[in-house]
Amino acid sequence: MDRAARRTPEPRSSADVVGEHSQFRLDLERVRFSPYFSRLSAVTQVIGQPGAGPLIHNRLTHSIKVTAVARAIAVKLTDASSPTRDFALAHGCDAVVVQAAASAHDLGHPPFGHLGERVLDRLARDTLGLPDGFEGNAQTYRIVTTLDVSEVAPRGLNLTAAVRSAVAKYPWTRHVDVSALGDGPLPRGIRRTDRGVEALKFSAYGIDAADLFEARDGHPPLRQSLECSIMDIADDIAYSIHDVDDFHRAGLLGQGAVAREFRGWIESGLQLRDLDDEELARRSAPPGSALEALRRKMHATDPWIAGDEAFRAAVGVVADDLVDGLLASPFDGSIAAERALSSFTNRWIDHLQSSVVPAPEGVVRAGLVTLDERAWHEVEILKFVHRHFILDRSDIVMYQRGLSRVITRAVKGLTAWLRDEDDRDRVPQRLRELVEIATDGYTELRTARPEGVPVPETSEVRDLGVGRGVVDYVASLSDDQALAVSEAIDGRPDRLWDIGQNL
């Protein structure tokens, strides 16, 4: 397919300069001028800003930094002196496409970060009867192709095929067909269970599948485009470093606990191998057990690159630079503390973005490019730090349980309102429009019938439209708007005037 092709043909005047590259730049501008992009400034990355201060990353600042890292990788791969130049150009590597995809990659994140994503998925499937549930990557694709607006197309931003393909981190639907892979390894985001194959991550709902399939015409099945692979790695790099930045700045990463775990594994790693998985998971497990569990998981899921020597080296490097370096002095807001944090962040970003290499042939767990063995292990260790020492904290879990009730009240309250025959005419105009768009989409799905996508019965179309419209509406709220809608629909006037006009 023509990389610069759009679903709706546009007049030449829509771009000042003729040519493929200028069309990609137009896409980048459409994403950055989108209200969905602006909304990301009020959506949680990991720690909510009200509780941790304005310097903590939100989804917008994260996206901006992912874009910078992604561009640096793309430029390096295509540099005239780079040994990867021919490889990169052969697979399509335009730095502006990469920037557009990186800017757009988090548009679909709902209020309250990954917590909101999990709660919306459960509600979408169990309460609203949506077989596709909710998935942030699929919501991103739905926004750029259907929900956002552009004067040149009836729906969506009408982006080029290259950019739409580069946004699709998990280029399949929830009902993915992996029969061509046999019993071999599955791509990241898909797993085998007792009930069969399950797609935990995917980049399009069935209602938007035809668009995804069209944009990816010519790409191998179940494989990211090169530009998407670059964006994906940049995302990994950025959040593995910036989460550590946030937690240290917020005073949540205590050196004692982190040092105890790392030193425990470094000193007793061989003995820890004698423990079974159940013993490693116990609260009474010795220091280093969580890192040992990570080592085993990496070998099980990614044997193509996981190695004991590389793992040990990565643990040692992170222990030296993070545990005994950055965390040795608590962050106190001083210039010296800011300089130390900036030095740590810049050093790691420079190292990781220069460690991107073509992936080995035939590895379905990797995109067309990957981090080299050393950097890959280091990123896994850095991500472990925030998962183990932050996300499992009881105080954060307690707060998240409260936020899950906010999302639940909003979804159930709005759904009940839409089904109230006496009062549904007074629902917000934006919600009514989203229901109409979703209903039209399910009607069109019955006509298009894309291969491998379940088609609803005629009698199901209206209910599915209501469910998807509610999910689209709630997912488009900022953190504060979600709180305000939840309280207002629950009869509490505290935040009544904070709701504002939605997107």
Using the salt bridge (Lys or Arg N to Asp or Glu O under 4.0 Å) definition, which of the options Asp121, Asp208, Asp132 pairs with Arg174?
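Among Asp121, Asp208, Asp132, the one that satisfies the salt bridge (Lys or Arg N to Asp or Glu O under 4.0 Å) with Arg174 is Asp121.
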Tell me the closest heavy-atom pair linking [X] and [Y], and the distance in Å.
| X | Y | value |
| --- | --- | --- |
| Arg365 | Leu186 | CD-O, 3.0 Å |
| Gly264 | Leu272 | O-CD1, 4.3 Å |
| Ala95 | Val75 | CB-CG2, 4.3 Å |
| Val369 | Ser229 | O-OG, 3.1 Å |
| Arg192 | Gly182 | NH2-O, 2.7 Å |
| Phe112 | Asp479 | N-OD1, 3.0 Å |

Are more than 12 heavy atoms, taken from residues, nucleotides or ligands other than Arg71, located less than 6.0 Å from that residue's CZ atom?
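No, CZ of Arg71 has 12 or fewer neighbouring heavy atoms, counting only those of other groups under 6.0 Å.
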Inspect the surroundings of CZ in Arg7 and state if more than 12 heavy atoms from other residues, nucleotides or ligands are less than 6.0 Å away.
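Yes, because the 6.0 Å sphere around CZ of Arg7 holds more than 12 heavy atoms from other groups.
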Please step through side chain to side chain contact (heavy atoms under 4.5 Å, CB included) for the pair Arg142 and Asp472, ending with a clear verdict.
CA-CA 9 Å; Arg142 180 160 175 77; Asp472 288 341; 3.0 Å; yes
Side chain [X], main chain [Y], donor-acceptor under 3.5 Å:
| X | Y | answer |
| --- | --- | --- |
| Thr61 | His57 | no |
| Trp172 | Lys201 | yes |
| His386 | Lys383 | yes |
| His242 | Ala238 | yes |
| Ser268 | Trp265 | no |
| Ser354 | His351 | yes |
| Gln353 | Ala72 | no |
| Glu117 | Gly136 | yes |
| Ser165 | Ala161 | no |
| Ser404 | Arg401 | yes |

Distance-only donor-acceptor check, side chains [X] and [Y], under 3.5 Å:
| X | Y | result |
| --- | --- | --- |
| Asp211 | Thr145 | no |
| Trp376 | Asp302 | no |
| Gln23 | Arg3 | no |
| Glu380 | His377 | no |
| Ser63 | Ser103 | no |
| Asn346 | Ser342 | yes |

So do [Y] and [X] actually touch side chain to side chain, heavy atoms under 4.5 Å?
| X | Y | answer |
| --- | --- | --- |
| His109 | Thr44 | no |
| Leu147 | Tyr36 | yes |
| Leu382 | Val318 | yes |
| Phe344 | His248 | no |
| Val66 | His105 | yes |
| Glu451 | Phe213 | no |
| Arg295 | Asp308 | yes |
| Arg468 | Tyr205 | yes |

Approximate separation, where rounding is to 0.5 Å, of [X] [atom1] and [Y] [atom2]:
| X | Y | atom1 | atom2 | value |
| --- | --- | --- | --- | --- |
| Arg85 | Cys93 | CZ | SG | 10.0 Å |
| Glu227 | Leu368 | CD | CG | 10.5 Å |
| Asp245 | Tyr239 | CG | OH | 15.5 Å |
| Arg191 | Thr301 | CZ | OG1 | 13.0 Å |
| Ile230 | His91 | CD1 | NE2 | 11.0 Å |
| Leu107 | Leu60 | CG | CG | 10.0 Å |

As a quick check of understanding, evaluate salt bridge (charged side-chain N to carboxylate O under 4.0 Å, His left out) for Asp27 and Arg6, giving each step before the final call.
CA-CA 10 Å; Asp27 285 357; Arg6 304 179 188 276; 2.6 Å; yes
Take Arg296 and Leu280 through the side chain to side chain contact (heavy atoms under 4.5 Å, CB included) test and state the conclusion after the steps.
CA-CA 11 Å; Arg296 296 181 189 184; Leu280 288 179; 3.3 Å; yes
Criterion salt bridge (charged side-chain N to carboxylate O under 4.0 Å, His left out) on Asp324 and Arg263, from CA distance to verdict
CA-CA 11 Å; Asp324 296 329; Arg263 288 172 184 153; 2.9 Å; yes
Please determine whether side chain to side chain contact (heavy atoms under 4.5 Å, CB included) holds for the pair Trp348 and Val317, giving the CA-CA distance in whole Å, both sets of side-chain angles, and the decisive distance to 0.1 Å.
CA-CA 11 Å; Trp348 275 94; Val317 167; 3.8 Å; yes
Arg25/Glu29 salt bridge by N-O under 4.0 Å criterion:
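Between Arg25 and Glu29 there is no salt bridge, as every charged N stays at least 4.0 Å from the carboxylate O atoms.
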Thinking salt bridges, do Arg273 and Glu279 make one under a 4.0 Å N-O criterion?
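No, no charged N to carboxylate O under 4.0 Å.
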Side chain to side chain contact (heavy atoms under 4.5 Å, CB included) between Leu371 and Ile233: does it pass, once the steps are laid out?
CA-CA 8 Å; Leu371 292 167; Ile233 288 176; 4.1 Å; yes
For a side-chain hydrogen bond (donor to acceptor under 3.5 Å, both in side chains) check, start with the C-alpha distance between Asp148 and Ser34, then their side-chain angles and the critical distance, and finish with the verdict.
CA-CA 8 Å; Asp148 210 340; Ser34 164; 2.5 Å; yes
Phe384 and His388 aromatic ring geometry - parallel, tilted or perpendicular at 30°/60° bounds
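Taking Phe384 first and then His388, their aromatic rings lie parallel (interplane angle under 30°).
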Salt bridge (charged side-chain N to carboxylate O under 4.0 Å, His left out), that's the test. Do Arg39 and Asp106 meet it? Break it down for me.
CA-CA 11 Å; Arg39 162 189 167 269; Asp106 263 356; over 6 Å; no
